Amino acid sequence: GSEATSEQGQEEEVEDRLKEHMDNLLDKSAKARQAALQSLRLALSSRTLSEFLLERRLTLTDSLEKCLKKGKGEEQALAGTVLTLLCLQMGSGPEGEEVFRSLKPLLVSVLTDSTASPCARQSCATALGMCCYIAAADLE
């Protein structure tokens, strides 16, 4: 009994931290946004959070879109990585497809922007490839 309670307490603590990181993606400070992206990258790559993300995918997608549009270099690269992990967590169902479809034009835009940093372009290329492989319903 106490182990289950302890485990649930840890799960709630993790979710609270994730919500905080998601809120920080909208911070005015680029450093704060980058730190939030780093934390989300770590969290999404270390545990399965599909239930948590399912409810918040639109919010997270909007925040990642802003990071890709307004961010520079490192921030765009991190946003591409987090997007790839989000797509992996959402899977090949309609939710993953929705995330991919909404951000695909922006990924292509950063990828083809010759003024964007090489690390941002590389990260967006990886995100585009992985998300397309996982979640694209259209075979083209």
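Below, each value reflects all heavy atoms present in this structure, side chains not excepted, and no hydrogens, waters or symmetry copies. The first residue in the sequence is number 1, and the count goes up from there. Note that the coordinates shown come from a computational prediction; the quantities given were computed from them, not determined experimentally.
- At least one side-chain heavy atom of Glu98 sits under 4.5 Å from a side-chain heavy atom of Leu58.
- Side-chain contact between Val99 and Leu60 is absent, with no heavy atoms from C-beta onward closer than 4.5 Å.
- The hydrophobic cluster containing Val14 also contains Leu85, counting ILVMFWY residues as joined when their side-chain heavy atoms lie under 4.5 angstrom apart, directly or transitively.
- Side-chain contact between Leu78 and Ser123 is absent, with no heavy atoms from C-beta onward closer than 4.5 Å.
- Of the inter-residue distances, the one linking Met90 atom CE with Ser50 atom OG reads 6.0 Å to the nearest 0.5 angstrom.
- The shortest side-chain heavy-atom distance between Cys124 and Leu68 falls under the 4.5 Å cut-off.
- Judged by distance alone, the side chain of Arg33 and the main-chain N or O of Lys28 form a donor-acceptor pair under 3.5 Å.
- For the pair Lys69 and Val110, the minimum side-chain heavy-atom distance is 4.5 Å or more.
- In summary, Lys19 and Glu15 do not engage in a salt bridge, as defined by a charged side-chain N under 4.0 Å from a carboxylate O.
- Legend: residues meeting side chain to side chain contact (heavy atoms under 4.5 Å, CB included) with Ala35, ordered by chain and number and at least two apart, are absent.
- There is a path of hydrophobic side-chain contacts, each under 4.5 Å, that joins Val108 to Leu64.
- At least one side-chain heavy atom of Leu103 sits under 4.5 Å from a side-chain heavy atom of Glu65.
- Annotation: Met22, atom CE; neighbour count of heavy atoms from other residues, nucleotides and ligands within 6.0 Å is above 12.
- Between Lys66 and Leu25, the closest side-chain pair of non-hydrogen atoms is not below 4.5 Å.
- Each of Leu42 and Leu88 belongs to its own hydrophobic cluster when Ile, Leu, Val, Met, Phe, Trp and Tyr are linked at side-chain heavy-atom distances under 4.5 angstrom.
- For the atom pair SG of Cys67 and CD of Gln34, the computed distance is 9.0 Å after rounding to the nearest 0.5 Å.
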